Amino acid sequence: MIDQLGNGLLLGIIISVASVALSLLYGVTRIVNFAHGEIIALGAIVTLFFSGPIDSRVLFLERFSPLGMSFITSAIIAVILCGIFGGLLELILFRPLRKAEVGNIAVLVVTIGLSIFIRHIYLLFATGRVQNFPLELERRQTYLFFEMTPRNFKVLIAGLIVMILIGLFLTFTRIGKAMRAVRDSGELASVSGINSDNIILFTWIASSMLAGLAGIFQAIINDVRYNMGFLILLLIFAGTVLGGIGTSFGAMVGGLLIGIFVQVSV
């Protein structure tokens with residue numbers, strides 16, 4: 001039971017970070033993003049692309065890339081590229097839909113189609129083969145009654161630190177307060193002098209970066225798959241709804257609870 005609780009905490013951290021990203025985006029934009037799982041997978045796939053050993057072709061990832069960069073550098077680049085990808089989605093796709101006053105149901109269908117399209121792009125270039133980051137094997141150790149590898153323990157601590165930083169950012173920074181203002185009322189925020197378009201763009205970037213980070217965490221603990229984000233998307237939605245959709249702090253708690261319940265119940 002204790003071992004499963006430790007595994008539940010690890011899964012809960014992944015779901016929490018991804019749920020906060022999804023809840024943050026919904027709270028500001030009112031978009032239920034079914035392509036969220038593909039952004040999660042993008043973080044892991046890009047990290048694998050940059051950190052793979054120098055031995056083969058550039059185009060297809062089944063033989064890795066010829067870049068051979070360090071894992072930490074690759075992860076940072078992947079998170080930044082996920083943020084850029086999210087920003088491009090807002091500028092190229094969702095902002096024009098919002099300006100055209102397209103209904104929420106139509107936008108929901110667009111995100112579903114986007115999810116299917118991106119996932120099969122991954123299948124073309126990253127293949128369906130399960131892959132792993134080029135990291136050394138580690139022995140399990142005991143940390144406060146929980147047995148896990150040192151790398152997984154670092155993921156747990158990093159996830160907790162990220163969630164604390166998100167909470168501080170939303171509570172005390174000017175942009176965080178503006179995001180909460182747009183979430184509560186976009187019209188009142190505009191009257192107050194807040195540029196809603198810029199805040200929505202920033203939210204897409206921040207949400208996508210968090211999703212990419214969640215994907216890296218997931219791949220460290222498990223492995224890299226083209227559909228890895230889609231496989232946990234239902235758990236992410238469950239964590240978001242349990243904590244209160246649109247509420248970032250609730251999504252943190254909801255994600256942790258879902259991860260623990262899933263592992264312990266198994």
Side-chain angles (χ1 to χ4, degrees), residues 16-40 42-43 76 78-112 114-115 118 161-215 229 236-237 239-241 243-255:
S16 288
V17 175
S19 296
V20 168
L22 184 64
S23 183
L24 193 65
L25 184 64
Y26 177 82
V28 175
T29 66
R30 290 298 183 265
I31 293 176
V32 180
N33 184 20
F34 275 85
H36 192 66
E38 278 53 62
I39 302 176
I40 291 173
L42 180 64
I76 292 173
V79 170
I80 293 173
L81 289 179
C82 285
I84 294 173
F85 180 70
L88 290 175
L89 286 180
E90 157 62 11
L91 292 174
I92 296 173
L93 182 59
F94 291 102
R95 180 172 294 183
L97 292 176
R98 187 170 64 253
K99 298 300 182 183
E101 298 183 353
V102 175
N104 289 339
I105 299 300
V107 174
L108 174 65
V109 174
V110 169
T111 66
I112 295 174
L114 183 65
S115 170
I118 295 175
I161 292 174
V162 167
M163 288 192 289
I164 292 172
L165 292 176
I166 293 170
L168 294 175
F169 175 81
L170 293 175
T171 304
F172 297 107
T173 66
R174 186 174 182 179
I175 297 179
K177 293 177 182 178
M179 292 170 67
R180 289 189 285 127
V182 174
R183 179 193 64 191
D184 294 337
S185 174
E187 294 180 357
L188 289 178
S190 298
V191 171
S192 302
I194 297 174
N195 190 321
S196 297
D197 285 341
N198 288 345
I199 294 300
I200 291 173
L201 176 60
F202 180 84
T203 302
W204 266 102
I205 294 172
S207 173
S208 299
M209 292 177 73
L210 286 174
L213 181 62
I236 295 169
F237 275 111
T240 304
V241 173
I245 189 166
T247 306
S248 299
F249 296 103
M252 295 180 189
V253 178

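Every heavy atom of this structure was used, including side-chain atoms; hydrogens, water molecules and symmetry mates were not. Quick caveat, the model's predicted, so the values are computed rather than measured. For reference, positions follow the sequence shown, starting with 1.
- By the salt bridge (charged side-chain N to carboxylate O under 4.0 Å, His left out) test, R95 pairs with E90, sequence neighbours left out.
- Residue pairs meeting the salt bridge (charged side-chain N to carboxylate O under 4.0 Å, His left out) criterion with at least one member in residues 188-203, sequence neighbours excluded: R98-D197, K99-D197.
- The closest side-chain heavy-atom distance from L210 to V162 is below 4.5 Å.
- Only one option out of N33, L22, L25 pairs with S207 in a side chain to side chain contact (heavy atoms under 4.5 Å, CB included); it is L25.
- For I161, the side-chain contact (heavy atoms from CB on, under 4.5 Å) test picks out I157, L165, with sequence neighbours left out.
- The closest donor-acceptor contact from the side chain of S23 to the backbone of G250 lies at 3.5 Å or more, if one exists at all.
- V102 pairs by the side-chain contact (heavy atoms from CB on, under 4.5 Å) definition with L97, A100, A106, V107, not counting sequence neighbours.
- With rounding to the nearest 0.5 angstrom, the OG1 atom of T203 is 9.5 Å from the CD1 atom of I175.
- The main-chain N or O of A251 is never found under 3.5 Å from a side-chain atom of T240 such that the two would form a donor-acceptor pair.
- In terms of heavy atoms, A18 sits closest to I40 at CB-CD1, 3.9 Å.
- Of all heavy-atom pairs spanning G255 and S16, the tightest one is C-OG, 3.4 Å.
- A 4.5 Å side-chain heavy-atom check between T111 and V32 finds every atom pair outside the cut-off.
- The shortest side-chain heavy-atom distance between I199 and N195 does not fall under the 4.5 Å cut-off.
- For the pair L89/L114, a side-chain contact is recorded, criterion being any heavy-atom separation below 4.5 Å from C-beta on.
- In this structure the side chain of F169 reaches within 4.5 angstrom of the side chain of M179, judged on heavy atoms.
- A distance-only check finds no donor-acceptor pair linking the side chain of S208 to the backbone of G83 [under 3.5 Å].
- The distance from atom OG1 of T29 to atom CG of N104, rounded to the nearest 0.5 Å, is 9.0 Å.
- Taking OG1 from T173 and CG from L168, the interatomic distance works out to 9.5 Å, rounded to the nearest 0.5 Å.
- Ring geometry for W204 versus F94: interplanar angle under 30°, hence parallel rather than tilted (30 to 60°).
- One N or O on the side chain of R180 and one on the backbone of L170 form a donor-acceptor pair closer than 3.5 Å.
- Within the structure, side-chain hydrogen bond (donor to acceptor under 3.5 Å, both in side chains) contacts touching residues 161-170 (residues at least two apart or in different chains) do not occur.
- In this structure I205 satisfies the side-chain contact (heavy atoms from CB on, under 4.5 Å) test together with L201, M209, sequence neighbours excluded.
- When side chains are defined from C-beta on, I118 does not count as touching L42, because their heavy atoms never get closer than 4.5 Å.
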